[in-house]
Structure formats: C-alpha cells, structure tokens
Novice: 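Please see the structure below; I have some questions.
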Amino acid sequence: MALLRLSAPQFYERSRTEALTDDLSERYREAFLRPPPTREQQAWRNSLRALADVLRDADLRGVEVLVEHQLPLTSLRADVLLAGRHPTSGKPSYVVIELKQWSDARLVPDSDDLCLVSRTKNRIHLHPLSQVARYCEYLSDFTAVLDGDEESVAGFAYLHQAENRDVAELFRMSAGQHRQVFTNTTRGAFIRELRLRLGPESGALAADRLLDSSLAPNRPLLRTAADAVESNRRFVLLDEQQVAVSLVQRTARLAHRANQKEIIIVSGGPGSGKSVIALHLLRELARDGRSVLHATGSKSFTTTLHHHLGEGKPRVKSVFKYFNSFTSAEPNGLDVLICDEAHRIRRVSSNARHRPQVAELLDAARTVVFLLDDHQVVRPNEMGSVETIRTAAKERGMVPRRIFLRDQYRSGGSEAYDAWVLRLLELESGGPVRWVGDEHFHLSVADSPEEMERLLRQRQGPDTTARMTAGFCWPWSDPTSDGRLVHDVRIDGWSRPWNLRRDSPVGGAPASALWATDPAGFGQIGCIYTAQGFEYDWNGVIFGPDLVWRGDQWRANPAASRDGSLSRIEQAVFDVLVRNTYKVLLTRGMVGTVVYSTDPETQAKLRELIPSGQPH
C-alpha cells in the first residue's frame, strides 16, 4: 500500500508546486487520522522534487511512482518505490529508493552500519545502504509475486544534498550491484543505474501486480525460520506440549483442506510451555508449507527471540511480528497466525484506529492460535483473555477450540507453588495458606533487600541465573549524561537502579529487552515489563507499598504506584492489575524465590506464611 501512486510525468509536474505535498498530506490524514509532522512535509517538498528531476533526466516516463510505500505487515514505509519493466528481460522490475536530506554524515566509531548526521544533532541513524537493503530483502520475503526473487528488486539511497567528500565514511560499507548509495556528486551514475533497471515501457502492470499481491512470508524464509528453531536447544518440547503442537498442526491442516476458519486457545499458567509450543508450531507449520507468522505484544520478548534465533540469520527476525502489525492485513491472507503472550493483546492497535486489536488478529489468518494466561494481564488497556477471544469469535459465528496446559516447567515444575501464589494473592478463592514446602522448589523470606541481594548473588554464576524485581513504586530515571545508572529504588540505606529503558546498553547494563537473559542484568532491578515472559533460576521479588497486607486482607494502594499506565483508573481495576503484576513477578523463578516487603505488616504476614529454614 502506498500513500500515493503517480506516473513519472504526473510525479514531476506535481512536484513543481505544493500539489504533491498537499496530496500526500491529505492521504496521510486519511490513513492515520492526524496531520503529517512538519519535518515530513518538508522532506516531501525537498527530496521528492530532487528525485522527480532525476526521473525526468533519465527519461523514465513509463515508470509508476509509489510514494510512501508501506512494507507488508509493518508500519515502515519506503520513501519511494519505482515499478517498471526491465529494459533487457522485459520482466517486472522494482527499485526501492531511500531519500536523505543529509548534507554530511560520518560513521559511529567502531561501527560500519550506524552513522551520525549533524542536521539531526548527531542522532544515531542506520546506514542508508543497510536501511534500503533491508527494505528490499523484506519486500521480496513478504510479497508473494516476488517469492524471494531479490534480482527483481534493487535498492538505492539518494543523498541529494550531499557531496561524496562530505559522506566519504559511508562508502566503507560495501555496495552490491543491486544496492548502492548516490549523492549529488554521483547523480549521473544514479541516472545510468536507474536506466539499467527500468525501461521506457509502461510500468502500470508491474505496479498492479505488486499492489495486488498477497502478503505472506515466502517459502525460503519459512525454511530458514524452521531451521533456526530446530537448531536452538533452548526450545525443547515435552509431553503435553507435544500433544498441543500436534493438535494445532492437525487443525490447521483440516482448516486448509476444508477452506474453513479455525480459532484455537491454548491456556496455561506460568512455565507451562506456551512459548515453546508457539515456536515449535512455527517450525512444523513452516515445514508443512503453511504461510505462518509469530506475533506478540511484548517488545522484550520479541527482541529476545530475535537475539536467540536471528543470530547469523537476520532474515529470521521478520517472521516475528507485533500484534499491531496486522491493522491492514489481508483477510485470511495467512494460513496460520500464532499469537504468543496473547494476554498482552491491547484494546486497539493505535489511537488512530478504533477496531479492536483482537478482531484484526482474528481476521488476519485462516487459523489463529492464541496462547495465554488470564492472570498475566497487567495493564488497563490489555484485553487478552479467554472471554475476550470467545466473544470476538462468537461475533463471527464461531466457537474456539480450547487446549489446557496443566504441567509446569517453571517454578521447579511445582504446581503446589503456582497454586500457593494464586491463593496468596487471592486470585483464587480460599485465601493465603502456609507454604508447606516442595522438594523441587525453594521459597524464603529475606529480612532486608541487602540480604536478598546477597543470597541471589551467591546463586548467580556461569550455569545459573538470578534476578531481582520489584513493584513499580519508585521513579525510573534515564542514565546520567556520563552513562551512570541512577539508583532510583531506595529502601532505607540500600539502593539500586532499575533496568534500562532504552534499546542499547549503557554503563555495562544490557539493553532493556535483554535484561532477563544477559548476565550483566544482575545488579539492576527488573520491573514487570522486562520480567514478563521470561524465567531465571533464582528470583527475588520486592513487594512495594502498592500492595500491602492489612488485618486479614490485601489492600491495593494506587497512590504508591509510579506506573503511568495505571494512573487514573478505578480502584477495583488497579486492585486486580497489581495482584496480577506480583503474580507474574513471583512466578519467574525456575529453582527458587526470595521475597521481601518494604511494609512491616506485610513482611510479618510473609514471615507467618513462609516458614524459616528454607535452603539458602
């Protein structure tokens, strides 16, 4: 989908006046329900006019110009995509063009794909050659008519305001025949290269073919993804998990044969293997020849999958999407959509859209699989529950198939501990009960955060992992200008920083999304948004003043929360969400958990429920 499609002569004529920018602004408002940013309008005025001049001088009158072309199943847009016919073969030929107004650029030290630009106040940018190469690769991976044919798609970056000498460092990145960077200095070479890729004949049919194509991952990409899951030993199926995979695989096969739609809900508590099932489904369905994608609503979780499965195979990352990627997806365009961590489904994908996100997901594939835990909804705009999915399915005249996972692979496989946590937080009836112990899982109370940290540090090692987490009851500062982390979590004389909020490491601390899996994560306090979806061997949980024990019941205190997403919500809603939050934090440990509360009465209650003498 492009915001605007024009012939090359139309493109040139409208670029001479404000007409082109006005057309784009109107289409932008229609698509996103808001006006385009001023800087984007300025870029359209300057850069599109420069490209129009190039197309005129290249005499490419038959080319179709797709402006702001959205890449399939993403919010990313290529500046311009040119559609035409190859001058030699006559086959459809496409050129993706990334336009930059940069007048200078240099590489970030010790990097070959990141650069700094003075006009953007030295903000870090991806190298334009790397950017356009990824766009081309992604387009061929997800456009059925291309089916992985990278030869038919070229990608050029055009820095029309720069001279070669001002961006000399950028040329250190090796270019290929189909991926190049051009500047004002090499404008003539840019014209020659375009003529080698695009002939004078009309490109209207080539543009139609691209825009009308179904959008789904191609077979080579899915084979690569399947191999990545197969080769990663972190993701192994056991017993009930294999049953779930086989049942879903069979359902997807029958749905395909009968040309009918199916909805499957796989529900289970923490550590029941939902994400392992999701990844094996991706593998098996890809091998079955099904077009399949994996989606979540968790940036940390998706980034970790990219890290573990995309290492050495960067294209694999593109099969892992976010729930908000399907706002414009073709109905039933995929064979199967796997919605992992489905309790993170939002009310809507963006403020610009009013359609429920669950409806977008249900419509995106012939078979939709939701894997979730009702007790992991921790934000007020999260709607991913069994009941929500059932209601949306009923509106379509469908009844979801249901699979329950009962075995536990987290918390030492201790069903007793998981049940104890639900009773502790009164998420199940009966009220808190005394922990009677389980030989497979260790539970203890620390007398102070210092003691908790000492116990966990003793467990942290080459073969074991330990992390500390806390309720969101302290401010969360950005690192200082010299890269030091601010010790926001303060309890008496003890203090530690939260995990980073940013996507890159600072001061020895890992990027936010890798806090739970990078050994350098120990020493920072994790919050619900970085801990959810992960596990580690030893788990420390600090109860803050947002949930305290008073008399014979829990009292939720919204005033003590520093979580902006929970501000201005009803007391009853906050009560449920904060209990779910601590439920998630308490069930991250595989071997043992240490708890501590900043509130004396709550600490006393924990001492009463958890006998001393647990193994340290």
Side-chain angles (χ1 to χ4, degrees), residues 270-271 408 410-414 416-425 432-461 463-474 489-499 515-517 519 521-528 530-532 534-549 554 579 581-616:
Q408 294 290 311
R410 192 179 285 151
S411 303
S414 175
Y417 177 69
D418 190 51
W420 181 85
V421 170
L422 292 173
R423 290 280 298 271
L424 169 70
L425 297 170
V433 293
R434 199 167 188 265
W435 173 246
V436 296
D438 185 323
E439 63 178 329
H440 301 294
F441 193 77
H442 306 305
L443 178 62
S444 62
V445 182
D447 290 327
S448 65
E450 291 94 337
E451 181 185 17
M452 174 185 285
E453 185 174 26
R454 177 178 59 80
L455 292 173
L456 294 173
R457 191 177 294 279
Q458 290 172 356
R459 298 293 186 267
Q460 172 82 357
D463 301 317
T464 56
T465 53
R467 293 292 184 274
M468 293 178 67
T469 59
F472 203 157
C473 300
W474 293 267
V489 182
R490 296 181 176 276
I491 303 170
D492 298 328
W494 179 89
S495 66
R496 287 293 179 269
W498 288 110
N499 60 261
W515 167 84
T517 54
F522 190 86
Q524 306 113 49
I525 308 300
C527 76
I528 180 62
T530 41
Q532 189 172 24
F534 298 100
E535 66 272 334
Y536 17 87
D537 296 315
W538 287 88
N539 178 29
V541 180
I542 299 174
F543 280 76
D546 56 348
L547 186 65
V548 296
W549 185 264
W554 289 103
R579 291 172 196 245
T581 293
Y582 281 105
K583 189 263 184 182
V584 171
L585 296 181
L586 285 165
T587 53
R588 300 303 92 191
M590 297 283 286
V591 178
T593 292
V594 182
V595 298
Y596 168 79
S597 175
T598 61
D599 175 71
E601 187 174 343
T602 310
Q603 178 75 352
K605 184 63 178 178
L606 293 173
R607 276 284 178 208
E608 175 190 326
L609 296 173
I610 304 170
S612 59
Q614 288 289 319
H616 284 187

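These numbers were taken from a predicted model, which means no experiment stands behind them.
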Novice: I'd like to check Lys583 versus Asp418 (side-chain heavy atoms, cut-off strictly below 4.5 Å). Are they in contact?
Specialist: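 Side chain of Lys583 against side chain of Asp418, heavy atoms only: contact under 4.5 Å found.
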Novice: Can you confirm whether or not the ring centre of Phe534 sits under 6.0 Å from the ring centre of Trp515?
Specialist: no
Novice: Kindly assign one of parallel, tilted or perpendicular to the pair Trp538 and His442, based on the angle between their ring planes and the thresholds 30° and 60°.
Specialist: parallel
Novice: Measure the shortest side-chain to side-chain distance between Val548 and Lys605 over non-hydrogen atoms and say whether it is less than 4.5 angstrom.
Specialist: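 Result no, sub-4.5 Å side-chain heavy-atom pair not found.
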Novice: What is the minimum heavy-atom distance between Pro432 and Leu424, and which atoms define it?
Specialist: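 The pair with the smallest heavy-atom distance is CG-O, 3.5 Å.
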Novice: Quick one, Val436 and Trp420 - any side-chain contact, counting heavy atoms below 4.5 Å?
Specialist: no
Novice: If I compare all heavy atoms of Met590 with all of Glu535, which pair ends up nearest, and what's the gap?
Specialist: SD-CG, 3.6 Å
Novice: Just do the side-chain contact (heavy atoms from CB on, under 4.5 Å) check on Trp474 and Ile525 with the steps written out, would you?
Specialist: CA-CA 11 Å; Trp474 293 267; Ile525 308 300; over 6 Å; no
Novice: Output yes when a side-chain donor or acceptor of Asp537 lies under 3.5 Å from a complementary backbone atom of Thr465, and no otherwise.
Specialist: yes
Novice: So which heavy atom on Val433 is nearest to which on Arg423, and how close?
Specialist: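 So the two residues come closest at CG1-NH2, 2.8 Å.
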Novice: A side-chain contact here means heavy atoms from C-beta on lying under 4.5 Å apart; do Pro545 and Thr598 qualify?
Specialist: yes
Novice: When you look at Arg496 and Met468, which way does the side-chain contact (heavy atoms from CB on, under 4.5 Å) test go after all the steps?
Specialist: CA-CA 10 Å; Arg496 287 293 179 269; Met468 293 178 67; 5.9 Å; no
Novice: Set out, in order, the CA-CA distance, both residues' side-chain angles and the distance that settles side-chain contact (heavy atoms from CB on, under 4.5 Å) for Phe472 and Thr581, then state yes or no.
Specialist: CA-CA 9 Å; Phe472 203 157; Thr581 293; over 6 Å; no
Novice: Taking all non-hydrogen atoms of both residues into account, name the closest pair between Gly544 and Cys473 and its distance.
Specialist: CA-SG, 3.8 Å
Novice: Can you spot which of Leu606, Val445, Ile491 makes a side chain to side chain contact (heavy atoms under 4.5 Å, CB included) with Tyr596?
Specialist: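 It is Ile491; the other options fail the test.
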Novice: Does Gln603 reach the main-chain N or O of Ala446 with its side chain, forming a donor-acceptor pair under 3.5 Å?
Specialist: yes
Novice: Under a 4.5 Å cut-off applied to non-hydrogen side-chain atoms, are Gln524 and Arg467 in contact?
Specialist: no
Novice: Any idea which heavy atoms bring Glu608 and Arg434 closest together, and the distance?
Specialist: O-NE, 3.7 Å
Novice: Ignoring hydrogens and geometry, is there a side-chain-to-backbone donor-acceptor pair from Ser444 to Val595 under 3.5 Å?
Specialist: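 Flag not set: sc Ser444 to bb Val595 has no pair under 3.5 Å.
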Novice: Can you tell if the side chain of Tyr536 reaches within under 4.5 Å of the side chain of Thr464, non-hydrogen atoms only?
Specialist: no
Novice: Taking all atoms of both residues into account, what is the closest heavy-atom pair of Cys527 and Trp498, and its distance?
Specialist: CB-CZ3, 3.8 Å
Novice: Taking the side chain from Arg579 and the backbone from Leu425, do they hold a donor-acceptor pair closer than 3.5 Å?
Specialist: yes
Novice: Would you call the rings of Tyr582 and Phe543 parallel, tilted or perpendicular, where under 30° means parallel and over 60° means perpendicular?
Specialist: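 Tyr582 vs Phe543 ring planes: parallel.
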Novice: Flag the pair Tyr417 / Asp438 as yes when at least one side-chain heavy-atom distance between them is below 4.5 Å, and no otherwise.
Specialist: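 They are not in side-chain contact.
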Novice: Applying side-chain contact (heavy atoms from CB on, under 4.5 Å) to Thr469 and Arg588, what does each step give before you reach the verdict?
Specialist: CA-CA 10 Å; Thr469 59; Arg588 300 303 92 191; 5.7 Å; no
Novice: If the condition is side-chain contact (heavy atoms from CB on, under 4.5 Å), which residues does Glu601 pass it with, not counting sequence neighbours?
Specialist: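 Trp549, Arg550, Asp599.
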Novice: Find the distance between CG (Leu456) and CD (Glu451) and round it off to the nearest 0.5 Å.
Specialist: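 So the CG of Leu456 and the CD of Glu451 are separated by 10.0 Å.
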